[in-house]
Novice: 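If you scroll down you'll find the structure; I have some questions about it.
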Amino acid sequence: MKAFTIHFSFEFLAGLRNRTLLMMNYLFPLGFYVFAGAMMTGINPDFRGEIIPAMLTFAILSATILGLPGPLVETREGGILRSYRINGVPAASIMTIPAFSTAIHLVLVGAVITVTAPFVFKAPLPQNWPAYMLIYLLMVFACSGLGSLIGVISGNSRQTILWSQLIYLPSMLLSGMMVPADLLPGPFVKMGHLLPAAYVMQSFQSLAYGREALYEPLPGMLILLAGGVIAFGLALYLFSWDSHNNTRRGHPSMAALALLPYILGALLLV
Amino acid sequence: MHDPAVEVTDLSKHYGSVAAVDRISFTVQRGEIFGLLGPNGAGKTTTLECLEGLRRPDGGVIRVMGVDPGRDSRRLLQLIGVQLQTGSLPDYISVVEAVRLFSAYHGVTPDYAILNRIGLGEKLQAQYHTLSTGQKRRLALVLALAHRPPVVLLDEPTAGLDVATRVALHSLIRELRDAGATILLSTHDMAEAESMADRVAIMLRGRLVAVGSPRQLTSAGSRLTKISVRTAGKGGMAGATLPGVERRDRQDDYDLYFTVTPGPTVTAVIAHIEGSGDELIDLRVERPSLEERFLELTAEEAVKR
């Protein structure tokens, strides 16, 4: 436990010292929040109702899908994981501690957005605070799992960017963050539900804000939970200490199994 | 009689069709510094990585303090301290954080005193990416010793270091040996191995071609001892008849004799100088170095192939 605490405190500080992580954890989401908040509420005043859930979801996607995989690939390719391994650092710590510290950064970013949005953009606050926080943490869990999995299966930084963008861009466009889901054509709504952000937006709508949504919130939240569990499980299973050494169990293509809950959700809920 | 600290029997490791390590066997006794020598690509690092449990051998048996690295990695990590050739740390971790982190994972109290001894006392808060190559290597050694392991595996520990840092590291390694630790040192620096190691094994193309103390290895090579003589007289040693000398040369005011009987040759040199009324300025007796023996072995291997 002592080792975990020391490792966590270092990882948390690294999220502030490392400029790339600082950008992904704080500057990019908060900068986008200010910019998109001003622009979108100017164009469409109804966006005020969406701004908090949309910006929280954006922050999570930035920190986890864009921010988490790169350092994992760099630590493996740079020989850091070999040093960790030889000094008894368990693979589970290498997987969970960056995700956990990213979650704490995201709680701080989420708090800034939640506290300032009503004053800056006249955004309505959620009605159900426990549900609001639970949905937020479920999204962090599900996306951290996917981010970790991308870091595990990517052989280099270019692959990391490719896989990250394959999740990030459709999430931005089709989840209901930027365009409400009820305005999207049916097939695009289904496509959006192949990724976690769409379930988060629907859950925020129905459970946290008490608005009408496309489906009941519980199945969507269970899908997020299952998605996170499967993604972290696969990340641990496929974890490799050294890409130049045959230590990986299973083929990287197994990572596609992490999308199974979302595929089922898209088929059964939407 | 204790079991050896390290036992390697018929170890093999292939990368595709290339035999990186080809059925090598050696033992390292407890409390000795054992040098694993060879040029780049000889298989030293692969051998060490098999001992460290980082690579799975294709064949053979390894025991480190009685532990099979492939079967009991948890126990192994308590027994070995490793300085990797290609190891690294996160850019943004500070020296003190690294020591604290790895000590915690080993379940021991951090020993910051060693940082002062090894010249990192002023760098406690410095982040890893700001350290020089020498400082990074010194930190790697500190981390390898964090849990006071009985066996220390060092892969090219002084490569790329300045002279002062090398001397400091050599001193620390000898102290470790004197305190009872077993050191397995991989290097391609022959002078380092000759001055540090109690015994050495020379690897060439994945095979062991010689094992023994530096003295044993050098004496097994060329049987000629070099005697260098400088006298005050301008004629030097001209006309001297010396027993056992097979070859002679002159270089930079020195007469050089390559002899199979160094004792009688030196006696005859002194007798000749006294007899001729000359004055002895300098006299040196040199056995062939480990480096010269290594070059001989390399040439022999090339002929065999």
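In what follows, chains carry the letters A, B, and so on, assigned in the order in which the sequence lines appear, proteins first and then strands, with residues in each chain numbered from 1.
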Novice: Please output the side-chain donor-acceptor pairs of residues 20-34 of chain A that fall under 3.5 Å, not counting sequence neighbours, one pair per line with the distance.
Specialist:
residue : atom : partner  : partner atom : Å
A:Asn25 : ND2  : A:Leu21  : O            : 3.3
A:Tyr26 : OH   : A:His105 : ND1          : 2.7
A:Tyr33 : OH   : A:Thr116 : OG1          : 2.7
A:Tyr33 : OH   : A:Ala117 : N            : 3.0

Novice: Do the side chains of B:Glu97 and A:Arg17 get close enough for a salt bridge, i.e. N-O under 4.0 angstrom?
Specialist: yes

Novice: Report, as yes or no, whether the 6.0 Å neighbourhood of atom CZ on B:Arg23 holds more than 12 heavy atoms from other residues, nucleotides or ligands.
Specialist: no

Novice: List the atom of A:Ser83, the atom of B:Leu84, and the distance in Å for their closest heavy-atom pair.
Specialist: N-CD1, 3.8 Å

Novice: Using a 6.0 Å cut-off, check whether atom CZ of B:Arg177 has over 12 heavy atoms from anything other than its own residue.
Specialist: yes

Novice: Pick from B:Arg74, B:His147, B:Gln127: which one has the most heavy-atom pairs with chain A under 4.5 Å?
Specialist: B:Gln127

Novice: So does B:Glu122 have more than 12 non-hydrogen atoms from other groups sitting under 6.0 Å from CD?
Specialist: no

Novice: Heavy-atom cut-off 4.5 Å, strictly under: side chain, backbone, both or neither for B:Gln83 against chain A?
Specialist: neither

Novice: Any heavy-atom pair between the side chains of B:Ser88 and A:Tyr84 that's under 4.5 Å?
Specialist: no

Novice: What's the spacing between B:Tyr92 OH and A:Phe10 CZ if we round to 0.5 Å?
Specialist: 10.5 Å

Novice: For B:Arg207, does the CZ atom sit with more than 12 other heavy atoms under 6.0 Å from it, leaving out its own atoms?
Specialist: no

Novice: As an exercise: rank A:Thr75, A:Asn18, A:Thr5, A:Leu81 by heavy-atom pairs under 4.5 Å with chain B and give me the winner.
Specialist: A:Asn18

Novice: Chain A: which of B:Ile93, B:Val82, B:Leu89, B:Leu143 shares the most heavy-atom pairs with it under 4.5 Å?
Specialist: B:Ile93

Novice: Would you give the length of the straight line joining atom CG of B:Leu77 to atom CD1 of A:Ile86, rounded to the nearest 0.5 angstrom?
Specialist: 6.0 Å

Novice: Taking all heavy atoms of A:Asn87 and all of B:His106, pick out the closest pair and write down the distance.
Specialist: OD1-NE2, 3.1 Å

Novice: Report, in residue-number order, which members of residues 91-99 of chain A are under 4.5 Å from chain B by heavy-atom distance.
Specialist: A:Ser93, A:Ile97

Novice: Check this for me: does any side-chain nitrogen of one of B:Glu52 and A:Arg85 sit under 4.0 Å from a carboxylate oxygen of the other?
Specialist: no

Novice: For side chain to side chain contact (heavy atoms under 4.5 Å, CB included), just list the numbers for A:His7 and B:Tyr105, CA-CA rounded to whole Å, side-chain angles, deciding distance to a tenth of an Å, and then say yes or no.
Specialist: CA-CA 9 Å; A:His7 196 164; B:Tyr105 273 114; 2.8 Å; yes

Novice: Over all heavy atoms of both residues, which pair between A:Ile6 and B:Ala104 is shortest? Give the atoms and the distance, please.
Specialist: CD1-CB, 3.7 Å

